[in-house]
Structure formats: C-alpha cells, structure tokens
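Down below is the structure, laid out as structure tokens.
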Amino acid sequence: MSLVPGPLALYIHIPWCVRKCPYCDFNSHARPQELPVAEYVAALVRDLEFDLPDVWGRTVHSVFFGGGTPSLFPASAINEILAACSARLRFAPGAEITLECNPGTAEYDRFEGYREAGVNRLSFGVQSFDDGCLAALGRIHGGAEAERAVRLAQEAGFDNLNLDLMYALPGQSMAMALQDVDRAIALQPAHLSHYHLTLEPNTLFAARPPAGLPDEDLAWAMQEACQQRLAEAGFGHYEISAYARPGRQCRHNLAYWTYADYLGIGAGAHGKLSFGADGRILRRWKKKNPREYLAALAPGAARGAHIGGEEDVLLPARAFDYMLNRLRLHAPFSLSEFEQATGLPRHAIATELATAEARGWLEGNGEVYALTRLGRDFNNDLVSLFLRD
C-alpha cells in the first residue's frame, strides 16, 4: 500500500510559565526574570527552516501555540512568528490559528494584538472556577479572573474560544463539578475540554498526592453528569475529552487524532511526517531544555544540534499508532482511511477488527467501523488489541 499524507498542521511550543503547576507533565518551565523573547523567536525560525525540506509544497491547515504559557509572549512576538512561518509555508485560507492563554496573564490590549497578528482561536486553561480547587491545583488565577479573561477576549473580537476544565479535583464534590461546567457554559465558548485530573509520573502530585481526591466511583459519576449537562447545552461529545458546538471542533487536534502530519518547532516540540514516495513515517522531537535548545540554534551552532531525537514508525507499530489516536474520536473510521494513513493493507488488522466486533467494542460493515458505547468504556483495551511486538 502507498501512504497518502493528510493535512499538515504546525505546532509551536513556548516552554515558559509563571510557575510550574504540580500536576503538569508537559515541557514547561518557570520563566526567568526576563524572557528571551527575541532570541527564542529567532530560534523558532531557524528550527522551522531545518524542517522545511521535508514539507515543500504542502499546505498548513492549522497552527497551535502551546506551552507552557504562550500568552506570556507579547502580541508583537506572535505576529513575528506567524509572519515568518507564513513566508516559508503555504497557509490555507482561513487556517485555524490557536493560542493557549492563562487567565492569570490576560490583558485586553494583548488580545487585540493577537487577533491582529492572525490568531483566530484562543484556548484558556481555566481548569476550575472554584477558588479552593484552583489553589489546590497551584493555579495563579481565581474563578472571577477566569471569567473576566474570557469576556475580555470576546470584547476583543474572539468568538472561537476553548475552555479547559478538570474534574475529580482535590475536595471537589459533584455539585462543584457541575457548577464548573455551568459557569463555563454561561460564558458561551465554542469548545470545551473536560479532563479527569490524573497523577502523572514525574510530577509533584505523583510524588505527594493531594488530599481529598474523589474516589473512582465519584469521578465516574462526575464525568457522566457533566457529559449530560454539556449535551443538554448543545455541545457535541466528539472526542474522549472534547466537546464542541456544531462546526467548532478543534481542527488542529483533529489532525493529531486522524493521524495526519504535523511539524513541531520549539523546545521539546514533537512532529510526525509521512513521505508517500518511500512509504516512510518519521517522528522527530526537539531538545526539551530551553537553554539547550536556544544554544543549539544560536548562530554558528552545528546544523541539527537542536534535534532531541527521531525515529521511524515501522510497519508493525503503525496499526497501534493509528488506533491510539483515531479511536479517541467518536466518529466512524474507514479502512480506506486506515490504508492511506498507515500504508498498511486492511487485511493487516482483520483479526483485531473481528475480535473487537465479537467483544462488542466496534461495529462495522467491512469498510466503515464505529465505536460502540462499550468500546468507549473499554477504549484502552480496544486500542491494546492492535499492539504488536
């Protein structure tokens, strides 16, 4: 089979935060006294230029500034980054351009500047509107401050907003979880991400778990009750943790979940690229430590010194790699899509599909397959069927 590369996305990582949250396992670092904005922008451009030969002629359909806290960078820097990227890559008309924001660093003038720079979607890390829960999470904002930040963004002209919420928080009751969802809905965002707080390895919470975490039964009940509340408000549940108004799904995240390609630039950024000519799928990531990343991209540094590593996704691993992402979505998938995205023939997963159907996790007609409700509940087990040595 031959690979047919899908839409191309661009991820841009800004690694600094005001301070590191105790639950966070992302590549984020407490900001230095003075952010090296100009130096980092220049490094991003050199990073992009290194990757350009791998994507000549392809069109970028979405851009995502993630972190860290990208909103620590002034609008002028975001404008410079986007101008440099659009001068080197072909952007699709109306490309989705998202910037992650911390409600504790919100300013009206900055939102206006982001919009003028070309950002057309904002994602706020609200997590909760309850001040006690926010304090337990180590967040720097309060609930009222989060509401104010969203309204400032709307006043600045943004109507495509995502709010991140967490549930099963320390000391959180069912009523508190539902109130968070209700306060989020009242702000009329286009999109909501609703995550279970997990104690990830190598985080402060994993080393010292907070007191008062809801048990599994209560956490499950919170999830179901919040899903119901979001459905009643008109949000479609299109991915494990993502809910959207009609037509407002996150295009950038859909690229990840449909196994499309993406460039990743910035400290610790990951990318995935498919090459139809030779059937290769490559994953590449950049050095994680911001100081090392900047040094590796300084004028005179050896070419490629900023690369943290890269590996080919070999044929035996591709079915699992595809399903790990694609089965996060509730929309059906076709075997034609699978063949084009992985370069594998459909018969390569015939046994796994038959097993999934027999267990009631998938239902299909030999071409198109859909998750059942049972398949959603046993998603990890379903994906594991496709794991091979």
Side-chain angles (χ1 to χ4, degrees), residues 1 3 6 23 25-26 166-168 193-203 205-206 215-217 219-224 227 237-243 253-262 270-272 274 279-283 285 309-389:
M1 302 300 299
L3 282 171
Y23 59 84
D25 69 337
F26 296 148
M166 287 182 172
Y167 66 96
S193 300
H194 193 242
Y195 302 97
H196 188 301
L197 172 64
T198 54
L199 307 187
E200 301 289 353
N202 303 315
T203 64
F205 271 6
D215 61 27
E216 288 186 12
D217 289 341
W220 185 261
M222 286 178 178
Q223 177 183 326
E224 291 193 319
Q227 285 177 351
H237 187 191
Y238 73 99
E239 186 270 342
I240 289 175
S241 302
Y243 304 77
N253 284 342
L254 282 172
Y256 298 148
W257 297 326
T258 56
Y259 209 55
D261 287 351
Y262 53 97
H270 283 240
K272 169 197 168 277
S274 302
R280 186 184 184 200
I281 296 178
L282 174 70
R283 291 195 180 277
W285 55 95
E310 58 183 29
E311 64 182 9
D312 286 296
V313 183
L314 302 178
L315 289 173
R318 290 185 188 178
F320 174 76
D321 210 34
Y322 175 87
M323 294 299 179
L324 181 66
N325 291 281
R326 186 59 180 80
L327 291 178
R328 293 183 64 92
L329 291 173
H330 293 171
F333 69 93
S334 73
L335 294 186
S336 297
E337 292 170 5
F338 169 80
E339 289 176 327
Q340 292 175 2
T342 65
L344 294 170
R346 61 186 63 199
H347 65 72
I349 57 170
T351 299
E352 291 84 351
L353 290 176
T355 300
E357 284 192 280
R359 294 180 182 177
W361 295 344
L362 288 178
E363 53 188 16
N365 60 11
E367 169 60 24
V368 177
Y369 288 82
L371 275 170
T372 64
R373 176 58 190 267
L374 194 62
R376 294 180 191 180
D377 292 344
F378 288 88
N379 192 273
N380 290 338
D381 297 304
L382 170 56
V383 171
S384 295
L385 287 178
F386 299 89
L387 183 60
R388 299 174 184 174
D389 295 332

Sub-4.5 Å side-chain heavy-atom contact between [X] and [Y]:
| X | Y | result |
| --- | --- | --- |
| His330 | Arg376 | yes |
| Met323 | Glu352 | no |
| Leu327 | Phe333 | yes |
| Leu353 | Trp361 | no |
| Ser334 | Glu339 | no |
| Glu357 | Tyr369 | yes |
| Asn379 | Leu371 | yes |
| Ile240 | Trp257 | no |

Heavy atoms of other groups near [X] [atom1], more than 12 under 6.0 Å:
| X | atom1 | value |
| --- | --- | --- |
| Glu216 | CD | no |
| Asp215 | CG | yes |
| Phe320 | CZ | yes |

Is the backbone N or O of [Y] less than 3.5 Å from a side-chain atom of [X], with the two atoms forming a donor-acceptor pair by type?
| X | Y | value |
| --- | --- | --- |
| Asn325 | Tyr259 | no |
| Lys272 | Ile281 | no |
| His237 | Glu239 | yes |
| Thr372 | Gly360 | yes |
| Asp312 | Leu314 | no |
| Arg328 | Tyr238 | no |

>> Run Thr258 and Leu329 through side-chain contact (heavy atoms from CB on, under 4.5 Å) and show every step you take.
In response: CA-CA 8 Å; Thr258 56; Leu329 291 173; 3.8 Å; yes
> Which class fits the ring pair His270 and Trp285: parallel under 30°, tilted 30 to 60°, perpendicular over 60°?
Replying inline: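 The arrangement is parallel - the two ring planes meet at less than 30°.
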> Taking the inter-plane angle between the rings of Phe205 and Tyr23 on a 0 to 90° scale, is it parallel (under 30°), tilted (30 to 60°) or perpendicular (over 60°)?
Replying inline: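 Correct class here is tilted.
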List the atom of [X], the atom of [Y], and the distance in Å for their closest heavy-atom pair.
| X | Y | value |
| --- | --- | --- |
| Ile349 | Ala319 | CG2-CB, 3.7 Å |
| Arg346 | Gly366 | NH1-O, 4.0 Å |
| Ala356 | Leu382 | CB-CD1, 3.6 Å |
| Leu3 | Arg280 | CD1-O, 3.5 Å |
| Ala206 | Glu200 | CB-O, 3.0 Å |
| Arg318 | Val313 | NE-O, 2.8 Å |

>> Set out, in order, the CA-CA distance, both residues' side-chain angles and the distance that settles side-chain contact (heavy atoms from CB on, under 4.5 Å) for Gln223 and His194, then state yes or no.
In response: CA-CA 9 Å; Gln223 177 183 326; His194 193 242; 5.6 Å; no
> Nearest 0.5 Å, what's the CG-CG distance between Leu385 and Asn380?
Replying inline: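 With rounding to 0.5 Å, CG (Leu385) is 11.5 Å from CG (Asn380).
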>> Working to the nearest 0.5 angstrom, can you tell me the gap between Phe378 CZ and Ser384 OG?
In response: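 Separation between the atoms: 12.5 Å.
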> Is Glu224 paired with Arg373 through a side-chain N to carboxylate O contact shorter than 4.0 Å?
Replying inline: yes
> Can a salt bridge be assigned to the pair Arg283 and Glu311 using a cut-off of 4.0 Å between side-chain N and carboxylate O?
Replying inline: no
> Hey, mind stepping through Leu315 and Leu344 against side-chain contact (heavy atoms from CB on, under 4.5 Å) and telling me if it holds?
Replying inline: CA-CA 7 Å; Leu315 289 173; Leu344 294 170; 3.7 Å; yes
> What pairs with Phe338 under ring-ring contact (aromatic ring centres under 6.0 Å, His included), at least two apart in sequence or on another chain?
Replying inline: Tyr322
